[in-house]
Amino acid sequence: KNIYSYLVEKKNYAVLSILLDRMEIIEPNEARWYAQNAMARYLLGDTMRALAEIKKAMELDNSYKAEGENFIKTIEEK
């Protein structure tokens, strides 16, 4: 089991978001860190940061476009 899975399982989204912030620094062009951080931030109630994170993921990797648009729609409907 990796640390990501452990933190998700324990619902420790605060620590998970810190870990993902660090991964964004280490690999700034890796869209998955931004997409995963968007969900962690959303689950923490930080919708503004969640939106910024998913938009960055979509900018870096077009394969996140459909998922990202659905995620944005979900946030905006709340």
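Residues take their numbers from the sequence shown, with the count starting at 1. Computation of the quantities below employed the complete heavy-atom set of this structure, encompassing side-chain atoms and omitting hydrogens, waters and symmetry-equivalent molecules.
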With rounding to the nearest 0.5 Å, note down the distance linking [atom1] in [X] to [atom2] in [Y].
X     : Y     : atom1 : atom2 : result
Lys10 : Leu7  : NZ    : CG    : 10.5 Å
Met39 : Leu44 : CE    : CG    : 11.5 Å
Gln36 : Leu16 : CD    : CG    : 7.5 Å
Asp46 : Asn37 : CG    : CG    : 9.5 Å

Quick check on the hydrophobic clustering: are [X] and [Y] connected, directly or via other members, by side-chain heavy-atom contacts under 4.5 Å?
X     : Y     : result
Ile18 : Leu43 : no
Leu51 : Tyr13 : yes
Ile3  : Ile25 : no
Met23 : Tyr4  : yes
Leu19 : Val15 : yes

Heavy-atom closest pair, residues Ala31 and Asp61: CB-CB, 3.5 Å

Closest heavy-atom pair and its distance - Gly68, Ile54: CA-CG1, 3.6 Å

Carboxylate-amine/guanidinium proximity below 4.0 Å for Glu59 and Lys55: no

Ion pair check, Glu53 and Arg49, cut-off under 4.0 Å: yes

CA sep, side-chain torsions, deciding dist, call: Arg41, Asp21, side-chain contact (heavy atoms from CB on, under 4.5 Å): CA-CA 11 Å; Arg41 295 295 177 161; Asp21 285 343; 2.7 Å; yes

Heavy-atom check, side chain of Glu69 versus side chain of Met58, under 4.5 Å: yes

Leu20 and Ser17, any side-chain heavy atoms less than 4.5 Å apart: no

Pairs satisfying ring-ring contact (aromatic ring centres under 6.0 Å, His included), at least one member in residues 28-60, at least two apart: Tyr42-Phe71

Partner residues of Glu30 under the salt bridge (Lys or Arg N to Asp or Glu O under 4.0 Å) criterion, sequence neighbours left out: Arg32

